[in-house]
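Worth knowing before you read on, the calculation uses all heavy atoms, side chains too, and leaves out hydrogens, waters and symmetry mates. Quick note on labels: first sequence line is chain A, next is B, and so on, each numbered from 1.
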Number of protein chains: 2
Amino acid sequence: MEVTTADTQATEIREAAKKIITVPPDSFALCPVRDILDRIGDKWSLLSILHLGSTDSLRFNELRKRITGISQRMLTVTLRALETDGLVARTVYAEVPPRVEYALTGLGQSLLAAVIELGNWAAAHAPAIAEARERMGRVAA
Amino acid sequence: MEVTTADTQATEIREAAKKIITVPPDSFALCPVRDILDRIGDKWSLLSILHLGSTDSLRFNELRKRITGISQRMLTVTLRALETDGLVARTVYAEVPPRVEYALTGLGQSLLAAVIELGNWAAAHAPAIAEARERMGRVAA
DNA sequence: CCGCATCCGAGATGATACTG
DNA sequence: CAGTATCATCTCGGATGCGG
């Protein structure tokens, strides 16, 4: 695995892509990528995961303060979805002033790791994308 | 790098998450991950990339046939967006029956590689997610 | 303090008809 | 063949008020 590494990799990628799109379109496995993207591709899921991943656990309103611009409703909705998928753990303390702690599960942490990988790609290629947008902008806009 | 690999990695992830959420909220770099997700997180971009990545190049209607359920309009919109970001190359042949070929650029291929990584995570953890959904389903639904 | 229910506007998506 | 234009729809997200 020393020579033609790039070519080998390119072939593998193509095969992986083929495999993904050949899956029948009516199962959870339809496209694992699609499914994950539908989950974290919305407006707030990723930010929530990021914030939860940067600490051990956070209370509802603590999280609300940190995620600039999120509404109460969307924080609730987002956290519920993440909880449903086993990415976030919700702990309720039956105290007089209700207290609820949210934290990433092991599954959530592993997802965060994967997403940060994607983030590294994004950070590395952001200039190239920005340049492409500039160039197209002058022609089409 | 043999001992406490997991712990080290966990700390790195936490730091990476912190770094990402600390970026000021008004730049392209706001969150490279978010930006990429906004691009490929829509309904058709990822599927388009996947299909284009599984071959060398495809014509418009060829692609349309392969992406089940996409409308002509959305394919156009999606391809234009990907082209704007330099992920897809569009080649027009001025022939009598118009012919337009679409193909992934180098940038697009590298993104595909990153996405497939995420796909591997998704495929590996799909059972865990399905199980979590089941469990929550019985409680909440 | 935490969170749910309802209502509503904006943007994304889809169906259809028409053009180079 | 490869789009564009227009209209209808549909889901998401935000504002507000109520309940545990």
Spacing of [X] atom [atom1] relative to [N] atom [atom2], expressed in whole Å:
X       : N      : atom1 : atom2 : answer
A/Ile70 : C/dC2  : CD1   : C1'   : 14 Å
A/Leu79 : C/dC2  : CG    : P     : 11 Å
B/Leu63 : D/dC1  : CG    : C1'   : 14 Å
A/Ile67 : D/dG14 : CD1   : P     : 12 Å
A/Leu75 : D/dC12 : CG    : P     : 17 Å
B/Phe60 : C/dG20 : CZ    : P     : 18 Å
B/Tyr93 : D/dA2  : OH    : P     : 12 Å

Does [N] have OP1 or OP2 sitting under 4.0 Å from an N or O in the side chain of [X]?
X        : N      : answer
A/Asn61  : C/dC1  : no
B/Lys43  : C/dG14 : yes
B/Tyr102 : D/dC1  : no

Sorted by position of nearest nucleotide on DNA chain D, 5' first, the leading residue of A/Ser71 and B/Pro98 is B/Pro98

With nearest nucleotide decided by heavy atoms, which residue, A/Pro97 or A/Arg73, maps closer to the 5′ end of DNA chain C?
A/Pro97

Could you tell me whether [X] contacts a base, only the sugar-phosphate backbone, or nothing, with contacts defined as non-hydrogen atoms closer than 4.0 Å?
X       : result
A/Arg80 : sugar-phosphate
B/Gln72 : base
A/Arg90 : sugar-phosphate

